[in-house]
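Report on one structure; see the data block that follows.
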Protein chains: 2
Amino acid sequence: MTDVARPRRDSGEGTRRRAKRGPGRRPGPTATREEILNAARTMFAEKGYDATSLRSIARAAGVDPALVHHYFGNKEGVFTAAMRFPVDPTELLPRVMAAPKERIGETLVRTFLSVWEDETRRAPILALLRSAMTNERAAVTLREFLTTALLERASELRGTPKLRVNAAAGQMIGVMFLRFVLRIEPIASASTEELVELLAPTIQRYFDEPGGTDGGDKTAAPGENNGHR
Amino acid sequence: MTDVARPRRDSGEGTRRRAKRGPGRRPGPTATREEILNAARTMFAEKGYDATSLRSIARAAGVDPALVHHYFGNKEGVFTAAMRFPVDPTELLPRVMAAPKERIGETLVRTFLSVWEDETRRAPILALLRSAMTNERAAVTLREFLTTALLERASELRGTPKLRVNAAAGQMIGVMFLRFVLRIEPIASASTEELVELLAPTIQRYFDEPGGTDGGDKTAAPGENNGHR
DNA sequence: GTCTATATATAGATAGAC
DNA sequence: GTCTATCTATATATAGAC
């Protein structure tokens, strides 16, 4: 190697990070931790787990990479801290499932959309989705959340066969994928009302007919676990 | 990981790659290129674009990393070469869309499933899906393929509004995601027949009712572009 | 609590020997 | 056509100064 090995040696002069500031703790209460988490949520949402670096999170948050490490230990620590799910199913799900029998489809679609249209709630969900595609740890996190917190409880609350709840979830997730990830038209630009018109009957049907089109489904008896796990 | 700096200096003795062999071209016709592409398809399917390295592809294919570069130039070259889509929509789609009006749902679900159940055809699709989540190049590839090769042509062939075709695609993609990526039960273990029973009526409905539940849809006239893009 | 400096690993890519 | 060796960039992680 020639002379290009270590190009910089001075500190705080040739580097123009953000505002010039001496070392040591900043004055005032520390909101830095939350800023890092917000930046991390955005980064994980955009790039997924593996492609998001601690350095890029630090850069987005305007802090030093070592500070991120200081707060959360390592990348996985940042991830699990950032991925506290932004929807509380224990509050949201019973409210949805308590809808009148014939409006369960519309209620569910509207609730689902209201969460996804909200940028601050969509980001962490997208982060989990993106990361679950390529990272086993994220896949386990998402699978467990979906299964125990949403799907199984929805099945129990309404006595709907789990397979049909899965199908309804697939419909909603698939549409969100086309709308927000691939941004395929015209569904990416459709209004909430258009989507409700389009999807509510499908969701309604999954929750309406416990036996499917010709009664061949294996069903989960309402309020009772049929031993599927 | 190597224990010290440069542990090996000789060639073909201390290294036990696969079989011992001298340098230079191997005898016989060269199937190496295809082997590399097969390995690349598997790797991209498992890890996505960014997390797949040229070195890991070479390792999986049993060749030297430099050879991968020799054939395909760079990582993007390997990707586009590996991602030649394993389903030919110009052959498959008209066959599906020519089904009897009342069996379009079942036909489409069965065809879709037959592709996804086939490991060799599922791998490259999964690769595209995974990569599209985190990589813009892959997202563009997948969006263009889905839009021009599948969705718009399906809409034209049947005169179905594009928004409804999008919804049908979302249903299928979402279910495949739950089944093959997240492996959520019970849909991950459901049989083909169960899935046809479950999903065919939904797909059928999207292709059946051009006006939606109360006629509010914007429609695409058959064989004519309504100027949505 | 926040920073600089650096150890260590691995990525994509190139040059050139055989 | 296939390989070794190496360059450059960037990743995660750690040590310790202030």
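A, B, ... follow the sequence lines: proteins, then strands. Residue 1 opens every chain.
Between the side chains of B/Ser189 and B/Glu185, at least one donor N or O lies within less than 3.5 Å of an accepting N or O.
Residues that satisfy the salt bridge (Lys or Arg N to Asp or Glu O under 4.0 Å) test with A/Glu76, not counting sequence neighbours, are A/Arg137.
In this entry the distance linking CG of A/Asp50 with P of C/dA9 reads 20 Å, nearest Å. A straight line from NE2 of A/His70 to P of D/dA13 spans 16 Å, rounded to a whole angstrom. In this structure, the CD1 atom of A/Ile57 is 14 Å from the C1' atom of D/dA13, given to the nearest Å. Atoms CG (A/Asp64) and C1' (D/dT14) sit 13 Å apart, rounded to a whole Å. Rounding to whole angstrom units, NZ of residue A/Lys75 and P of C/dA9 are separated by 18 Å. Rounded to whole Å, the distance from CZ on B/Phe79 to C1' on C/dG12 is 17 Å. C/dT14 atom P lies 16 Å from atom CZ of B/Phe72, rounded to whole Å.
Comparing D/dG1, C/dC3, C/dA11 by their closest approach to the side chain of A/Leu67 singles out C/dC3. When each of C/dA13, D/dT4, D/dA15 is scored by its nearest atom to the side-chain atoms of A/Ala66, the top-ranked nucleotide is D/dA15.
Checking the phosphate oxygens (OP1, OP2) of D/dT2, a side-chain nitrogen or oxygen of B/Tyr71 falls inside 4.0 Å. OP1 or OP2 of D/dT2 has at least one side-chain nitrogen or oxygen of B/Thr32 nearer than 4.0 Å. Between A/His69 and D/dT14, a side-chain N or O to OP1/OP2 separation shorter than 4.0 Å is present.
For A/Arg55 and D/dT12, a side-chain-to-base donor-acceptor distance below 3.5 Å is present, hydrogens and geometry of angles not being considered.
Among the atoms of the strands shown, none is found under 4.0 Å from any heavy atom of B/Ser56.
Taking the six-membered ring where tryptophan is involved, the planes of B/Phe44 and B/Tyr49 are essentially parallel, since the angle between them stays under 30° and well short of 60°.
Panel note: side chain B/Ser155, backbone B/Pro161; no donor-acceptor pair is recorded below 3.5 Å.
When side chains are defined from C-beta on, B/Val181 counts as touching B/Arg130, because their heavy atoms get closer than 4.5 Å.
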